[in-house]
Amino acid sequence: MKLFRPFNVVVDFETGNLTPGKKITRYLSDIQHFFLDKEKVKAVLAKENPLVYEVIYAEVPEEPGHLAHCTTIIYPGKVGNEFFFTKGHLHEKLETAEIYFTLKGQGRLIMASPDGEECEVLEMFPGSASYIPPSWSHRSVNVGGEPLIFYCIFFADAGHDYATIDKTGFPKVVLERNGEVVVENNPNW
Ligand code: M6P
Ligand code: ZN
């Protein structure tokens with residue numbers, strides 16, 4: 001039997017950098033269709049295309065038995081009064097759970113059942129370890145003025161299903177109203 005060799009990666013709690021790792025970047029143009037205020041999105045994109053978040057993955061085989069892990073850095077920002085967030089996804093293997101451990105910043109983790117009938121929102125803060133049970137879609141939102149940085153562990157063969165979220169979005173949205181962070185029903189749901 002060929003053994004996979006143990007290895008370390010190093011996570012910088014301040015910057016979220018994970019080394020060695022493979023980085024993916026998502027800009028506002030990649031997630032523009034999710035934001036509520038279409039006019040505001042257009043206005044921002046006419047001037048610039050801000051980096052919304054980065055994910056840095058440890059290189060692990062996408063095979064049963066392996067645990068994938070990565071850091072995510074969501075930059076602070078809003079479109080209108082709606083905070084920056086990740087695309088969000090279900091796992092192709094619905095029966096797989098995930099854990100998000102927050103290192104820095106303040107966030108909200110929106111989770112929904114596949115049909116969106118159930119929705120829960122957890123706070124993310126340094127030291128919070130959020131459990132995403134099997135079958136729940138998940139999107140994270142930076143509600144603070146600094147980067148939101150968290151470390152994630154999931155089954156390496158879980159897969160990302162974006163198609164469902166692309167069609168429906170999430171049942172809840174996270175907005176700023178009078179300087180407060182509020183969670184509201186998605187009017188387009
Ligand atoms: C977390 C994990 C990753 C995911 C990333 C960004 O780090 O859940 O698997 O890729 O968030 O989220 P998304 O893929 O929805 O853009
Ligand atoms: Zn996931």
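We number each residue from 1, following the sequence as shown. First listed ligand is number 1; within each ligand, the first listed atom is number 1.
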Below 3.5 Å, N or O to N or O, backbone or side chain included: is there any such pair between [X] and ligand 1?
| X | value |
| --- | --- |
| Thr71 | no |
| His138 | no |
| Cys70 | no |

Notebook entry, point to check: Does the shortest distance from the Zn ion (ligand 2) to an N/O/S atom of His138 fall below 2.8 Å?
Noted result: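 Yes.
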Item checked: Spacing of NZ belonging to Lys40 relative to CD belonging to Gln32, to within rounding of 0.5 Å -> 16.0 Å
Next item on the list: Among Tyr75, Phe85, Phe84, find the residue that satisfies the side-chain contact (heavy atoms from CB on, under 4.5 Å) test when tested with Val52.
Entry: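 Exactly one option meets the side-chain contact (heavy atoms from CB on, under 4.5 Å) with Val52, and it is Phe84.
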Note to self: Out of the candidates Leu109, Thr72, Thr71, Leu103, only one should pair with Phe150 under the side-chain contact (heavy atoms from CB on, under 4.5 Å) rule; please name it.
What the structure shows: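 The single option meeting the side-chain contact (heavy atoms from CB on, under 4.5 Å) with Phe150 is Thr72.
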For [atom], what's the nearest protein heavy atom and its distance?
| atom | answer |
| --- | --- |
| atom 7 (O) of ligand 1 | Thr72 OG1, 2.5 Å |
| atom 12 (O) of ligand 1 | Thr86 CB, 3.8 Å |
| atom 14 (O) of ligand 1 | Tyr162 OH, 2.5 Å |
| atom 10 (O) of ligand 1 | Tyr57 OH, 2.7 Å |

Only heavy atoms of [X], strictly under 4.0 Å: list the atoms of ligand 1 that pass.
| X | result |
| --- | --- |
| Lys87 | 15 (O), 16 (O) |
| Glu98 | 2 (C), 8 (O) |
| Tyr53 | 6 (C), 13 (P), 16 (O) |
| Phe154 | 9 (O) |

Margin query: Donor-acceptor pair, distance only, cut-off 3.5 Å: does the side chain of Thr96 make one with the backbone of Phe155?
Written below: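 Checking the backbone N and O of Phe155 against the side chain of Thr96, no donor-acceptor pair under 3.5 Å is found.
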Margin query: I'd like to know if the side chain of Asn142 and the backbone of Glu146 have a donor-acceptor N/O pair within less than 3.5 Å.
Written below: yes
Next item on the list: Tell me which N, O or S atom of Glu98 sits nearest to the Zn ion (ligand 2).
Entry: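 Of the nitrogen, oxygen and sulfur atoms in Glu98, the Zn ion (ligand 2) lies nearest to OE1.
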Item checked: Of all N/O/S atoms in His91, the name of the one nearest the Zn ion (ligand 2) -> NE2
Item checked: Modelled atom types, side-chain donor and acceptor of Glu98 and His138, under 3.5 Å -> yes
Next item on the list: Could you pull out, from His160, Glu54, Arg26, the option with a heavy atom nearest to atom 4 (C) of ligand 1?
Entry: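 Among His160, Glu54, Arg26, the closest heavy atom to atom 4 (C) of ligand 1 belongs to His160.
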Note to self: The test is side-chain contact (heavy atoms from CB on, under 4.5 Å); show your working for Leu36 and Glu82 and say whether it passes.
What the structure shows: CA-CA 8 Å; Leu36 292 176; Glu82 191 172 13; 3.6 Å; yes
Determine, for [Y] and [X], whether the Lys NZ or Arg CZ falls below 6.0 Å from the six-membered ring centre while staying within 45 degrees of the axis.
| X | Y | answer |
| --- | --- | --- |
| Lys23 | Tyr57 | no |
| Arg108 | Phe125 | no |
| Arg139 | Phe34 | yes |

Check: Is it the side chain (CB and beyond), the backbone, both or neither of Arg139 that lies under 4.0 Å from ligand 1, heavy atoms counted?
Finding: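 Looking at Arg139 and ligand 1, no heavy atom falls under 4.0 Å.
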Notebook entry, point to check: Which one holds for Tyr151 and ligand 1: side chain close, backbone close, both close, or neither close, with close meaning a heavy atom under 4.0 Å?
Noted result: neither
Margin query: Using 30° and 60° as the class boundaries, would you call the ring planes of Phe7 and His69 parallel, tilted or perpendicular?
Written below: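 If you compare the ring of Phe7 with that of His69, the planes turn out tilted.
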